[in-house]
Amino acid sequence: MEISKQDFHAYETVRLSGVTNMYRTKTVSSLSGLDIETIRAIQKADYAVLRETYGVPESVEEAAEELRSQYA
C-alpha cells in the first residue's frame with residue numbers, strides 16, 4: 001500500500017500528541033481521519049524511511065500540540 005505524505009502527517013500528528021496508544025487503531029482512526037488499513041500500513045512500514053521521505057514540518061508539530069491541549 002502506498003502511504004501518502006498527507007496520511008503520514010495525519011498519523012504523526014496523533015503520535016506526537018501522545019493522547020493515545022498508537023496500537024488503539026480505532027482511536028487513532030477517529031483522531032486522524034485515517035482508515036484502519038492505512039494506519040496498519042504505516043505501522044508496518046519502515047518509520048525511518050517515511051520520516052526521511054516526508055519529514056515532520058512545524059505545522060504537524062503545532063497540530064500535535066493543539067490535539068494534546070484538547071485532551072489535557
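Quick note: numbers below take in every heavy atom, side chains included, and nothing from hydrogens, waters or symmetry partners. Residue numbers run from 1 in the order of the sequence given.
For E58, the CD atom sits in a loose shell: 12 or fewer heavy atoms of surrounding residues, nucleotides or ligands are nearer than 6.0 Å. Summarising the local packing, CZ of R24 is surrounded by 12 or fewer heavy atoms from other residues, nucleotides or ligands at distances under 6.0 Å. Residue Q43 qualifies as enclosed at atom CD: its count of foreign heavy atoms under 6.0 Å is above 12.
The hydrophobic cluster containing I42 does not contain I36, counting ILVMFWY residues as joined when their side-chain heavy atoms lie under 4.5 angstrom apart, directly or transitively.
Rounded to the nearest 0.5 Å, atoms CZ (R15) and CG (N21) are 12.5 Å apart.
A 4.5 Å side-chain heavy-atom check between E12 and Y54 finds every atom pair outside the cut-off. Taking 4.5 Å as the limit, every side-chain heavy atom of V28 sits out of range of all side-chain heavy atoms of L34. H9 places none of its side-chain heavy atoms less than 4.5 Å from the side chain of S4.
The two residues S17 and R68 make their nearest non-hydrogen contact at O-NE, 3.0 Å.
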Determine, step by step, whether R40 and E37 satisfy the salt bridge (charged side-chain N to carboxylate O under 4.0 Å, His left out) criterion, reporting the C-alpha distance in whole Å, the side-chain angles of both residues, the deciding distance to 0.1 Å, and the verdict. CA-CA 5 Å; R40 289 190 177 139; E37 181 180 321; over 6 Å; no
For K44 and M1, what are the C-alpha separation, side-chain angles and deciding distance, and is it a side-chain contact (heavy atoms from CB on, under 4.5 Å)? CA-CA 10 Å; K44 290 178 182 177; M1 168 182 236; over 6 Å; no
Decide yes or no on side-chain contact (heavy atoms from CB on, under 4.5 Å) for Y11 and L16, but give the supporting numbers first. CA-CA 9 Å; Y11 181 89; L16 291 172; over 6 Å; no
Between F8 and Y47, does a side-chain contact (heavy atoms from CB on, under 4.5 Å) hold up when you go through it step by step? CA-CA 10 Å; F8 179 69; Y47 177 81; 3.9 Å; yes
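Take A63 and apply the side-chain contact (heavy atoms from CB on, under 4.5 Å) test, not counting sequence neighbours, and it matches T13.
Partner of D7 under the side chain to side chain contact (heavy atoms under 4.5 Å, CB included) criterion, chosen from T38, I39, L50, D35: T38.
Here the side chain of S30 pairs no donor or acceptor atom with the backbone of K26 at under 3.5 angstrom.
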